[in-house]
Protein chains: 2
Amino acid sequence: MTYSIKEVSEKTGLSIYTLRFYDKQGLLPFVARNSSGYRAFTDGDLSLIHTINCLKNTGMKIKAIRQYIDYVMQGPATIKQRETMLLAHRKTVEAEQRKIAENLQEIDYKLNVYQSPDAVATVTKEQQFVQQEKLVNQLPNPYAQTILSK
Amino acid sequence: MTYSIKEVSEKTGLSIYTLRFYDKQGLLPFVARNSSGYRAFTDGDLSLIHTINCLKNTGMKIKAIRQYIDYVMQGPATIKQRETMLLAHRKTVEAEQRKIAENLQEIDYKLNVYQSPDAVATVTKEQQFVQQEKLVNQLPNPYAQTILSK
DNA sequence: GCTTGCCCTAGAGTGCTGTCTAGGGTTTAG
DNA sequence: CTAAACCCTAGACAGCACTCTAGGGCAAGC
């Protein structure tokens, strides 16, 4: 049993365009063609596409994914290289995750300000401060309202 | 005290090109100009650029960041809208984080296979399986080595 | 007054990842 | 036999976020 590109598109959520694009980029060298030149996807192919999707979803570049797939196509001899690649990738993904978490914390800090009962006072004070800075340096005030008490 | 674009570039890690690009995109309407037409960044401006950076680092699109900055420029009246935006953004970032974590788990599964003492056997068996699939469906075998023990 | 090292704008170019179009072949049901 | 619904390729186009170039202004030191 094999699947057409449309069926694979529905199974994976990748558009037909994307599947053909990936093929063009050398990500799907394992997909065979039938006698009419149509792509005939097997279950094993789907499993590999799933792996490609995981790598893509974690931010790996297409060029790097192609490198990984190339290793897969060369068989068991490249297990060590694959391990090295995936370890390095995991490391970068984890670093990226940490960075995002940190930035999210700063956003949460902003949110706390906005959700506090003193939000208006805090924000007004901040705006006064930046307007004061512009004033001191003889710069135009770019803000909508001028809020400068005394 | 104000900062030149070069100083801000060094402080923030954003290239001068990127800072000017952000300005062109309407992300820096708060940055004033001195008498020579040069951008004069204040400390308050740096703080806002920091916020922009947090939003960008968590994947917010420039267009959405501009919307947020527009709210900031309108003063305390838009606190509610800012809160709504940041809450929605936090939700999408958290969803994205979860998705990445899930995909990373699948990559870890692959890594476990590669790191196991039976790695060669497992990978060989997988390759035999996919080659068998191709054979059964009368498709060419795209793999480097044919490993098909009876 | 001239070189050096900044600053500016407008707009072209790049890299990546798709997405779509044009032109054409195949398969199946009526 | 033909219409509908698939499939194919090559290559154009798009969206995003920069990155760079060309052409020119300003400020400080020699």
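Just so it is clear: chains get the letters A, B, ... in the order the sequence lines come, proteins before strands, and each one is counted from 1. As the structure is a computational prediction, the values presented were derived from the model and not from experiment.
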Roughly how many Å is it from NZ in B:Lys63 to P in D:dC16, rounded to a whole number? 8 Å

Of the options C:dG18, C:dC16, D:dA17, whose atoms approach the side-chain atoms of B:Phe21 most closely? D:dA17

Rounded distance in Å - CD1 (B:Ile16) to P (D:dA17): 21 Å

Identify the residue among A:Val31, A:Val72, A:Leu27 that makes a side-chain contact (heavy atoms from CB on, under 4.5 Å) with A:Leu48. A:Val72

d(NZ, B:Lys24; P, C:dG13) in whole Å: 14 Å

Of the candidates D:dC26, C:dT9, D:dT19, the side chain of B:Arg39 sits closest to C:dT9

What I want to find out is whether A:Arg33 reaches A:Asp23 closely enough, with some N-O distance under 4.0 Å, to be called a salt bridge. yes

What is the distance, rounded to the nearest whole Å, between atom OH of A:Tyr17 and atom C1' of D:dG11? 14 Å

Should A:Arg20 be listed as having a side-chain N or O under 4.0 Å from OP1 or OP2 of D:dT9? no

Between P on C:dC8 and CG on B:Leu28, what's the gap in Å once rounded to a whole number? 11 Å

Salt bridge or not between B:Glu83 and B:Lys80? Use side-chain N to carboxylate O under 4.0 Å. yes

Base of C:dG25 paired with side chain of A:Tyr38 (donor-acceptor, under 3.5 Å): yes

Nearest whole Å is fine: how far is D:dA17 P from B:Lys61 NZ? 6 Å

Which of these nucleotides, C:dC16, D:dC6, C:dC6, is closest to any side-chain atom of A:Lys6? D:dC6

How long is the line joining CG of B:Leu55 and P of D:dA17, in whole Å? 13 Å

What about A:Ile65 and A:Leu86, same hydrophobic cluster or not, with Ile/Leu/Val/Met/Phe/Trp/Tyr joined at side-chain heavy-atom distances under 4.5 Å? yes

For B:Leu19 and D:dA17, give me the distance from atom CG to atom C1', rounded to whole Å. 14 Å

Output yes when a side-chain donor or acceptor of B:Asp45 lies under 3.5 Å from a complementary backbone atom of B:Thr42, and no otherwise. yes

Does B:Ser15 make a side-chain N or O approach to OP1 or OP2 of D:dC18 shorter than 4.0 Å? no

Quick one: which of C:dG18, D:dC7, C:dT26 gets closest to the side chain of A:Thr18? C:dG18

Between B:Ser35 and B:Gly59, which is nearer to the 5' end of DNA chain D once each is assigned its nearest nucleotide? B:Gly59

Indicate whether OP1 or OP2 belonging to D:dG25 is found under 4.0 Å from a side-chain N or O atom of B:Ser36. no

Counting heavy atoms from C-beta on, name the nucleotide in D:dA17, D:dC6, C:dT21 closest to the side chain of B:Ile62. D:dA17

